[in-house]
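Throughout, residue positions are numbered sequentially from 1 according to the sequence presented. Every number for a ligand or one of its atoms is a count from 1 in the order of the listing.
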Amino acid sequence: MTTEPELEATAAIAQQLIRFDTSNYGEGVSNGETDAAEYLGSLLEDLGLTTTYVDSDPGRTSVVARVKGSDPSLPALVVHGHTDVVPADPDNWSVDPFGGVIQDGMLWGRGAVDMKNMDAMIVTALQDILGSGAQPKRDLVIAFFADEEAGGVRGSHHLVTQHPQLFAGATEAISEVGGYSVTINEQRAYLLQTGEKALVWIKLIARGTASHGSRVMHDNAVTKLAEAVAKVGRREWPVHLTDTTEQLVGELARILGVDPQRVTPEEIVLATGSAGGFIQGTLRTTTNPTLLKAGYKHNVIPDSAEALIDIRTLAGEEDDVIAEVQRLVGPDIEIVVMHRDIGLENPFQGALVEAMVTSLGKHDPDVPVLPYLLSGGTDNKALSLLGITGYGFAPLKLPAGLDFPGMFHGVDERVPLDALVFGRRVLADLLSSY
Ligand SMILES: [Zn+2]
(Lines give C-alpha, C1' and ligand atoms only; values in the text may rest on other atoms or scores of the structure.)
Protein backbone atom coordinates (compact mmCIF):
# COMPACT_ATOMS: atom_id res chain seq x y z
CA MET A 1 0.00 0.00 0.00
CA THR A 2 1.33 3.43 -0.94
CA THR A 3 0.58 6.45 1.17
CA GLU A 4 -0.33 9.63 -0.68
CA PRO A 5 1.65 12.70 0.33
CA GLU A 6 -0.57 15.05 2.29
CA LEU A 7 -2.16 17.73 0.12
CA GLU A 8 -1.36 21.37 0.70
CA ALA A 9 -4.34 23.11 2.31
CA THR A 10 -5.46 25.15 -0.74
CA ALA A 11 -5.56 22.06 -2.94
CA ALA A 12 -7.31 20.07 -0.20
CA ILE A 13 -10.06 22.70 0.18
CA ALA A 14 -10.51 23.05 -3.60
CA GLN A 15 -10.65 19.25 -3.87
CA GLN A 16 -13.36 19.07 -1.20
CA LEU A 17 -15.33 21.82 -2.97
CA ILE A 18 -15.15 19.94 -6.31
CA ARG A 19 -16.64 16.88 -4.59
CA PHE A 20 -19.78 18.90 -3.78
CA ASP A 21 -21.60 18.67 -7.12
CA THR A 22 -23.00 22.21 -7.28
CA SER A 23 -24.07 22.00 -10.94
CA ASN A 24 -26.23 24.92 -12.00
CA TYR A 25 -28.49 24.12 -14.98
CA GLY A 26 -29.92 27.65 -15.26
CA GLU A 27 -33.41 29.09 -14.96
CA GLY A 28 -33.60 28.13 -11.28
CA VAL A 29 -32.70 24.47 -11.82
CA SER A 30 -29.66 23.56 -9.74
CA ASN A 31 -28.18 21.01 -7.34
CA GLY A 32 -27.81 23.87 -4.85
CA GLU A 33 -24.85 25.39 -3.08
CA THR A 34 -25.70 24.84 0.61
CA ASP A 35 -23.08 22.13 1.30
CA ALA A 36 -20.31 24.17 -0.30
CA ALA A 37 -21.40 27.38 1.45
CA GLU A 38 -21.57 25.68 4.86
CA TYR A 39 -18.16 24.09 4.34
CA LEU A 40 -16.55 27.43 3.41
CA GLY A 41 -18.50 29.15 6.20
CA SER A 42 -17.16 26.67 8.75
CA LEU A 43 -13.58 27.39 7.62
CA LEU A 44 -14.22 31.12 8.08
CA GLU A 45 -15.77 30.46 11.51
CA ASP A 46 -12.61 28.51 12.44
CA LEU A 47 -10.76 31.79 11.91
CA GLY A 48 -13.02 33.50 14.44
CA LEU A 49 -15.18 35.24 11.82
CA THR A 50 -18.93 35.66 12.10
CA THR A 51 -20.76 34.31 9.06
CA THR A 52 -24.11 35.30 7.59
CA TYR A 53 -25.92 32.72 5.46
CA VAL A 54 -28.49 33.91 2.93
CA ASP A 55 -30.83 31.47 1.17
CA SER A 56 -32.53 33.15 -1.81
CA ASP A 57 -34.43 29.89 -2.43
CA PRO A 58 -34.20 26.54 -0.65
CA GLY A 59 -30.70 25.16 -1.29
CA ARG A 60 -29.44 28.36 -2.88
CA THR A 61 -27.11 29.47 -0.12
CA SER A 62 -24.56 32.27 -0.18
CA VAL A 63 -22.28 33.04 2.79
CA VAL A 64 -20.69 36.34 3.77
CA ALA A 65 -18.24 37.31 6.54
CA ARG A 66 -16.42 40.53 7.39
CA VAL A 67 -12.79 40.72 8.48
CA LYS A 68 -12.23 43.86 10.55
CA GLY A 69 -9.47 46.13 9.29
CA SER A 70 -7.11 48.15 11.48
CA ASP A 71 -7.92 51.46 9.77
CA PRO A 72 -11.66 52.26 9.85
CA SER A 73 -11.10 55.31 7.62
CA LEU A 74 -10.34 53.03 4.64
CA PRO A 75 -13.20 51.73 2.47
CA ALA A 76 -13.82 47.98 2.52
CA LEU A 77 -12.70 45.54 -0.20
CA VAL A 78 -15.04 42.74 -1.30
CA VAL A 79 -13.21 39.47 -1.99
CA HIS A 80 -15.68 37.12 -3.64
CA GLY A 81 -16.11 33.79 -5.32
CA HIS A 82 -19.00 31.67 -6.52
CA THR A 83 -19.62 28.09 -5.43
CA ASP A 84 -21.80 26.86 -8.31
CA VAL A 85 -20.39 25.31 -11.48
CA VAL A 86 -21.73 24.62 -14.95
CA PRO A 87 -22.79 20.98 -15.47
CA ALA A 88 -20.24 18.43 -16.69
CA ASP A 89 -20.89 15.36 -18.86
CA PRO A 90 -18.65 12.59 -17.43
CA ASP A 91 -18.57 10.87 -20.85
CA ASN A 92 -16.49 13.75 -22.23
CA TRP A 93 -13.99 13.83 -19.35
CA SER A 94 -10.94 11.66 -18.86
CA VAL A 95 -11.51 11.69 -15.05
CA ASP A 96 -14.62 11.89 -12.83
CA PRO A 97 -15.50 15.61 -13.01
CA PHE A 98 -16.68 15.57 -9.38
CA GLY A 99 -13.97 13.27 -8.01
CA GLY A 100 -11.34 15.87 -7.14
CA VAL A 101 -8.67 13.70 -8.77
CA ILE A 102 -5.00 14.56 -8.26
CA GLN A 103 -2.97 13.57 -11.31
CA ASP A 104 0.21 14.87 -12.99
CA GLY A 105 0.71 17.49 -10.27
CA MET A 106 -2.71 18.97 -10.94
CA LEU A 107 -6.15 19.03 -9.35
CA TRP A 108 -8.79 17.93 -11.86
CA GLY A 109 -12.52 18.53 -11.78
CA ARG A 110 -15.41 20.83 -12.60
CA GLY A 111 -14.61 24.08 -10.82
CA ALA A 112 -10.83 23.55 -10.68
CA VAL A 113 -10.63 26.58 -12.99
CA ASP A 114 -14.04 28.24 -12.52
CA MET A 115 -13.77 28.93 -9.61
CA LYS A 116 -13.36 26.59 -6.67
CA ASN A 117 -9.60 27.20 -7.04
CA MET A 118 -10.02 30.85 -6.08
CA ASP A 119 -12.55 30.04 -3.33
CA ALA A 120 -9.88 27.89 -1.70
CA MET A 121 -7.12 30.46 -2.26
CA ILE A 122 -9.22 33.12 -0.52
CA VAL A 123 -9.62 30.87 2.53
CA THR A 124 -5.95 29.86 2.84
CA ALA A 125 -4.76 33.44 2.24
CA LEU A 126 -6.99 34.48 5.16
CA GLN A 127 -5.65 31.59 7.25
CA ASP A 128 -2.12 32.86 6.56
CA ILE A 129 -3.00 36.44 7.56
CA LEU A 130 -5.26 35.86 10.55
CA GLY A 131 -3.43 32.70 11.68
CA SER A 132 -0.21 34.71 12.08
CA GLY A 133 -2.04 37.26 14.23
CA ALA A 134 -1.95 39.95 11.53
CA GLN A 135 -4.87 42.17 10.57
CA PRO A 136 -5.68 43.68 7.17
CA LYS A 137 -5.68 47.48 6.94
CA ARG A 138 -9.20 47.76 5.57
CA ASP A 139 -12.31 45.69 6.21
CA LEU A 140 -12.52 42.68 3.91
CA VAL A 141 -15.98 41.48 2.96
CA ILE A 142 -15.58 37.79 2.11
CA ALA A 143 -18.49 36.54 0.00
CA PHE A 144 -19.16 33.15 -1.56
CA PHE A 145 -22.14 33.49 -3.87
CA ALA A 146 -24.62 30.99 -5.28
CA ASP A 147 -25.95 31.05 -8.85
CA GLU A 148 -23.20 32.99 -10.66
CA GLU A 149 -23.45 30.64 -13.64
CA ALA A 150 -27.07 31.67 -14.22
CA GLY A 151 -26.49 35.42 -13.96
CA GLY A 152 -26.49 35.62 -10.16
CA VAL A 153 -30.26 36.13 -9.80
CA ARG A 154 -30.33 33.76 -6.79
CA GLY A 155 -26.88 34.81 -5.59
CA SER A 156 -25.10 38.14 -5.95
CA HIS A 157 -28.10 40.03 -7.34
CA HIS A 158 -30.28 38.74 -4.49
CA LEU A 159 -27.75 39.81 -1.84
CA VAL A 160 -27.10 43.20 -3.43
CA THR A 161 -30.81 44.05 -3.54
CA GLN A 162 -32.05 42.30 -0.35
CA HIS A 163 -29.00 42.55 1.96
CA PRO A 164 -26.93 45.53 0.77
CA GLN A 165 -25.81 46.24 4.37
CA LEU A 166 -23.48 43.22 4.11
CA PHE A 167 -21.39 45.30 1.68
CA ALA A 168 -21.57 48.58 3.62
CA GLY A 169 -18.54 50.80 3.13
CA ALA A 170 -17.13 48.74 0.24
CA THR A 171 -15.94 50.53 -2.88
CA GLU A 172 -13.86 47.87 -4.65
CA ALA A 173 -13.89 44.13 -5.26
CA ILE A 174 -11.69 41.36 -6.60
CA SER A 175 -12.75 37.99 -7.96
CA GLU A 176 -12.38 35.60 -10.89
CA VAL A 177 -11.23 35.42 -14.52
CA GLY A 178 -8.11 37.52 -14.28
CA GLY A 179 -4.72 37.53 -12.62
CA TYR A 180 -3.60 34.30 -14.29
CA SER A 181 -0.60 34.03 -16.56
CA VAL A 182 -0.52 33.32 -20.28
CA THR A 183 2.49 32.68 -22.50
CA ILE A 184 2.94 35.07 -25.40
CA ASN A 185 5.90 34.66 -27.75
CA GLU A 186 7.54 32.39 -25.14
CA GLN A 187 7.20 35.15 -22.56
CA ARG A 188 4.92 34.93 -19.52
CA ALA A 189 2.48 37.78 -18.89
CA TYR A 190 -0.43 38.21 -16.48
CA LEU A 191 -3.88 39.28 -17.62
CA LEU A 192 -5.64 41.46 -15.08
CA GLN A 193 -9.34 41.80 -15.80
CA THR A 194 -10.47 45.42 -15.69
CA GLY A 195 -13.86 45.13 -17.36
CA GLU A 196 -16.61 42.95 -18.76
CA LYS A 197 -18.72 43.07 -21.89
CA ALA A 198 -22.45 43.60 -21.60
CA LEU A 199 -24.80 40.77 -22.46
CA VAL A 200 -28.16 40.81 -24.21
CA TRP A 201 -29.94 37.50 -24.72
CA ILE A 202 -32.68 37.83 -27.32
CA LYS A 203 -35.25 35.61 -28.97
CA LEU A 204 -36.11 36.01 -32.66
CA ILE A 205 -39.66 35.01 -33.58
CA ALA A 206 -40.73 34.45 -37.20
CA ARG A 207 -44.43 33.99 -37.99
CA GLY A 208 -46.01 32.53 -41.09
CA THR A 209 -48.96 30.51 -42.31
CA ALA A 210 -49.52 27.05 -40.90
CA SER A 211 -50.03 24.65 -43.78
CA HIS A 212 -49.57 21.21 -45.26
CA GLY A 213 -45.95 20.38 -46.03
CA SER A 214 -46.79 19.65 -49.69
CA ARG A 215 -48.10 23.16 -50.52
CA VAL A 216 -46.33 26.01 -52.37
CA MET A 217 -45.70 28.24 -49.35
CA HIS A 218 -43.72 31.50 -49.43
CA ASP A 219 -44.99 32.56 -45.98
CA ASN A 220 -42.97 29.83 -44.23
CA ALA A 221 -41.91 30.74 -40.67
CA VAL A 222 -38.97 28.30 -40.69
CA THR A 223 -37.56 29.73 -43.93
CA LYS A 224 -37.94 33.30 -42.65
CA LEU A 225 -36.29 32.43 -39.35
CA ALA A 226 -33.43 30.61 -41.07
CA GLU A 227 -32.72 33.68 -43.22
CA ALA A 228 -32.73 35.93 -40.16
CA VAL A 229 -30.50 33.62 -38.12
CA ALA A 230 -27.98 33.36 -40.95
CA LYS A 231 -27.79 37.15 -41.26
CA VAL A 232 -27.24 37.65 -37.52
CA GLY A 233 -24.77 34.77 -37.20
CA ARG A 234 -22.76 35.84 -40.27
CA ARG A 235 -22.66 39.53 -39.37
CA GLU A 236 -19.06 40.80 -39.17
CA TRP A 237 -19.21 43.38 -36.40
CA PRO A 238 -16.50 46.04 -36.70
CA VAL A 239 -13.53 46.08 -34.35
CA HIS A 240 -14.07 48.74 -31.71
CA LEU A 241 -11.20 49.32 -29.29
CA THR A 242 -11.97 50.65 -25.82
CA ASP A 243 -9.40 52.15 -23.44
CA THR A 244 -8.68 48.66 -22.07
CA THR A 245 -8.32 46.84 -25.37
CA GLU A 246 -6.31 49.68 -26.94
CA GLN A 247 -3.84 49.48 -24.05
CA LEU A 248 -3.78 45.68 -24.27
CA VAL A 249 -3.19 45.57 -28.03
CA GLY A 250 -0.36 48.12 -27.67
CA GLU A 251 1.32 46.00 -24.97
CA LEU A 252 0.85 42.79 -26.96
CA ALA A 253 2.38 44.44 -30.04
CA ARG A 254 5.41 45.41 -27.94
CA ILE A 255 5.82 41.85 -26.58
CA LEU A 256 5.39 40.36 -30.06
CA GLY A 257 7.74 42.93 -31.60
CA VAL A 258 5.27 44.07 -34.27
CA ASP A 259 4.28 47.55 -35.43
CA PRO A 260 0.65 48.23 -34.43
CA GLN A 261 0.40 50.71 -37.32
CA ARG A 262 0.99 47.91 -39.84
CA VAL A 263 -0.74 44.95 -38.19
CA THR A 264 -4.45 44.93 -37.28
CA PRO A 265 -5.55 44.57 -33.64
CA GLU A 266 -7.15 41.22 -34.46
CA GLU A 267 -3.94 39.83 -36.00
CA ILE A 268 -2.00 40.99 -32.94
CA VAL A 269 -4.46 39.31 -30.57
CA LEU A 270 -4.56 36.05 -32.54
CA ALA A 271 -0.75 35.92 -32.59
CA THR A 272 -0.75 35.50 -28.81
CA GLY A 273 -1.60 31.79 -29.04
CA SER A 274 -4.11 30.15 -26.72
CA ALA A 275 -5.03 33.47 -25.07
CA GLY A 276 -5.96 34.88 -28.48
CA GLY A 277 -9.30 33.15 -28.87
CA PHE A 278 -10.32 34.38 -25.44
CA ILE A 279 -9.34 38.00 -26.08
CA GLN A 280 -10.62 38.14 -29.68
CA GLY A 281 -14.21 38.33 -28.49
CA THR A 282 -13.49 41.56 -26.63
CA LEU A 283 -12.56 43.53 -29.74
CA ARG A 284 -16.09 43.71 -31.12
CA THR A 285 -19.73 42.81 -30.62
CA THR A 286 -20.62 39.15 -31.12
CA THR A 287 -24.08 37.81 -32.06
CA ASN A 288 -24.13 34.02 -31.91
CA PRO A 289 -27.26 31.96 -32.62
CA THR A 290 -27.35 29.26 -29.93
CA LEU A 291 -30.76 27.53 -30.00
CA LEU A 292 -33.52 26.85 -32.56
CA LYS A 293 -37.12 25.82 -31.98
CA ALA A 294 -39.75 25.20 -34.66
CA GLY A 295 -42.23 22.63 -35.92
CA TYR A 296 -43.63 19.37 -34.63
CA LYS A 297 -44.10 17.10 -37.64
CA HIS A 298 -42.28 16.42 -40.90
CA ASN A 299 -45.25 17.24 -43.18
CA VAL A 300 -46.65 20.26 -41.29
CA ILE A 301 -45.42 23.83 -41.90
CA PRO A 302 -45.55 25.48 -38.46
CA ASP A 303 -46.96 28.98 -37.97
CA SER A 304 -43.98 30.18 -35.94
CA ALA A 305 -40.28 29.54 -35.41
CA GLU A 306 -37.92 30.82 -32.74
CA ALA A 307 -34.18 31.26 -32.28
CA LEU A 308 -32.10 32.35 -29.31
CA ILE A 309 -29.18 34.68 -29.94
CA ASP A 310 -26.41 35.32 -27.40
CA ILE A 311 -25.29 38.93 -27.92
CA ARG A 312 -22.22 40.37 -26.19
CA THR A 313 -21.61 44.07 -26.73
CA LEU A 314 -19.17 46.59 -25.38
CA ALA A 315 -20.49 48.56 -22.41
CA GLY A 316 -23.16 51.07 -23.45
CA GLU A 317 -23.67 49.72 -26.99
CA GLU A 318 -26.54 47.38 -26.13
CA ASP A 319 -29.44 49.43 -27.55
CA ASP A 320 -27.57 50.33 -30.74
CA VAL A 321 -26.78 46.67 -31.35
CA ILE A 322 -30.40 45.56 -30.77
CA ALA A 323 -31.51 48.22 -33.27
CA GLU A 324 -28.92 47.02 -35.80
CA VAL A 325 -30.05 43.39 -35.34
CA GLN A 326 -33.65 44.47 -35.97
CA ARG A 327 -32.52 46.24 -39.16
CA LEU A 328 -30.62 43.10 -40.25
CA VAL A 329 -33.53 40.69 -39.75
CA GLY A 330 -36.18 43.08 -41.05
CA PRO A 331 -39.49 44.24 -39.57
CA ASP A 332 -41.23 40.86 -39.97
CA ILE A 333 -39.08 39.23 -37.29
CA GLU A 334 -40.05 40.00 -33.70
CA ILE A 335 -37.20 40.52 -31.20
CA VAL A 336 -37.85 39.72 -27.53
CA VAL A 337 -35.15 40.65 -25.00
CA MET A 338 -35.01 37.72 -22.56
CA HIS A 339 -32.20 38.89 -20.27
CA ARG A 340 -29.65 41.67 -20.24
CA ASP A 341 -26.87 42.83 -17.97
CA ILE A 342 -24.55 45.81 -18.09
CA GLY A 343 -20.95 45.95 -19.19
CA LEU A 344 -18.17 47.35 -17.01
CA GLU A 345 -14.91 49.10 -17.73
CA ASN A 346 -12.59 50.24 -14.96
CA PRO A 347 -9.28 52.08 -15.25
CA PHE A 348 -6.02 50.13 -15.25
CA GLN A 349 -4.62 52.47 -12.63
CA GLY A 350 -5.15 53.51 -9.04
CA ALA A 351 -4.07 52.13 -5.67
CA LEU A 352 -5.78 48.73 -5.95
CA VAL A 353 -4.37 48.06 -9.44
CA GLU A 354 -0.91 49.08 -8.22
CA ALA A 355 -1.25 46.79 -5.19
CA MET A 356 -2.28 43.83 -7.38
CA VAL A 357 0.61 44.42 -9.80
CA THR A 358 3.06 44.81 -6.88
CA SER A 359 1.85 41.59 -5.21
CA LEU A 360 2.30 39.66 -8.46
CA GLY A 361 5.74 41.20 -8.98
CA LYS A 362 6.89 40.08 -5.54
CA HIS A 363 6.27 36.44 -6.45
CA ASP A 364 7.05 36.58 -10.19
CA PRO A 365 9.40 39.52 -10.76
CA ASP A 366 9.64 41.51 -14.01
CA VAL A 367 6.70 39.80 -15.70
CA PRO A 368 4.34 42.22 -17.46
CA VAL A 369 0.78 42.62 -16.17
CA LEU A 370 -1.69 43.58 -18.90
CA PRO A 371 -5.26 44.85 -18.62
CA TYR A 372 -7.95 42.93 -20.45
CA LEU A 373 -11.68 42.95 -20.93
CA LEU A 374 -13.70 39.82 -20.25
CA SER A 375 -16.09 38.70 -23.00
CA GLY A 376 -18.29 37.02 -20.36
CA GLY A 377 -19.64 38.30 -17.06
CA THR A 378 -19.09 37.83 -13.33
CA ASP A 379 -20.73 38.79 -10.03
CA ASN A 380 -18.88 42.12 -10.33
CA LYS A 381 -21.82 43.26 -12.48
CA ALA A 382 -24.18 42.88 -9.48
CA LEU A 383 -21.75 44.54 -7.05
CA SER A 384 -21.39 47.49 -9.44
CA LEU A 385 -25.04 48.33 -8.63
CA LEU A 386 -23.77 49.29 -5.14
CA GLY A 387 -21.05 51.47 -6.68
CA ILE A 388 -18.39 48.80 -6.14
CA THR A 389 -15.60 48.73 -8.75
CA GLY A 390 -14.67 45.10 -9.46
CA TYR A 391 -11.55 43.54 -10.95
CA GLY A 392 -10.73 39.98 -11.98
CA PHE A 393 -7.76 38.89 -9.88
CA ALA A 394 -7.40 35.19 -9.09
CA PRO A 395 -3.59 35.00 -9.34
CA LEU A 396 -2.13 31.84 -10.87
CA LYS A 397 1.33 31.28 -12.32
CA LEU A 398 0.74 28.72 -15.05
CA PRO A 399 3.05 26.64 -17.23
CA ALA A 400 3.37 27.45 -20.94
CA GLY A 401 1.22 25.13 -23.00
CA LEU A 402 -1.64 24.84 -20.51
CA ASP A 403 -4.65 26.42 -22.26
CA PHE A 404 -6.15 27.82 -19.08
CA PRO A 405 -8.67 30.25 -20.68
CA GLY A 406 -9.91 27.36 -22.84
CA MET A 407 -10.83 25.33 -19.75
CA PHE A 408 -13.52 27.71 -18.43
CA HIS A 409 -16.70 25.63 -18.85
CA GLY A 410 -14.59 23.15 -20.85
CA VAL A 411 -13.72 19.49 -20.33
CA ASP A 412 -10.86 18.23 -18.14
CA GLU A 413 -10.68 21.43 -16.09
CA ARG A 414 -7.47 21.27 -14.08
CA VAL A 415 -5.14 23.53 -12.19
CA PRO A 416 -1.51 22.90 -11.18
CA LEU A 417 -1.10 22.36 -7.43
CA ASP A 418 1.85 24.77 -7.29
CA ALA A 419 -0.25 27.46 -8.98
CA LEU A 420 -2.73 27.24 -6.10
CA VAL A 421 0.10 27.84 -3.61
CA PHE A 422 1.30 30.78 -5.72
CA GLY A 423 -2.22 32.26 -5.67
CA ARG A 424 -2.52 31.78 -1.92
CA ARG A 425 0.73 33.69 -1.35
CA VAL A 426 -0.01 36.54 -3.77
CA LEU A 427 -3.50 36.98 -2.31
CA ALA A 428 -2.19 36.90 1.26
CA ASP A 429 0.30 39.65 0.34
CA LEU A 430 -2.35 41.76 -1.36
CA LEU A 431 -4.99 41.39 1.36
CA SER A 432 -2.56 42.10 4.21
CA SER A 433 -0.88 45.09 2.58
CA TYR A 434 -3.67 46.93 0.75
ZN1 LIG B 1 -16.89 31.74 -12.77
Under 2.8 Å from the Zn ion (ligand 1), is there an N/O/S atom belonging to E148?
no
Can an N, O or S atom be found in E149 less than 2.8 Å away from the Zn ion (ligand 1)?
no
CG/L248 to CG/D243 distance, rounded to the nearest 0.5 angstrom?
12.5 Å
Taking all heavy atoms of L427 and all of I122, pick out the closest pair and write down the distance.
CD1-N, 4.0 Å
Just by distance, with hydrogens left out, do E345 and T244 show a side-chain donor and acceptor under 3.5 Å apart?
yes
OE2 (E176) to the Zn ion (ligand 1) to NE2 (H82) angle, given to the nearest 10 degrees
90°
I need the L374 CG to T194 OG1 distance, nearest 0.5 Å.
10.0 Å
Looking only at N, O or S atoms, which one in D114 sits nearest to the Zn ion (ligand 1)?
OD1
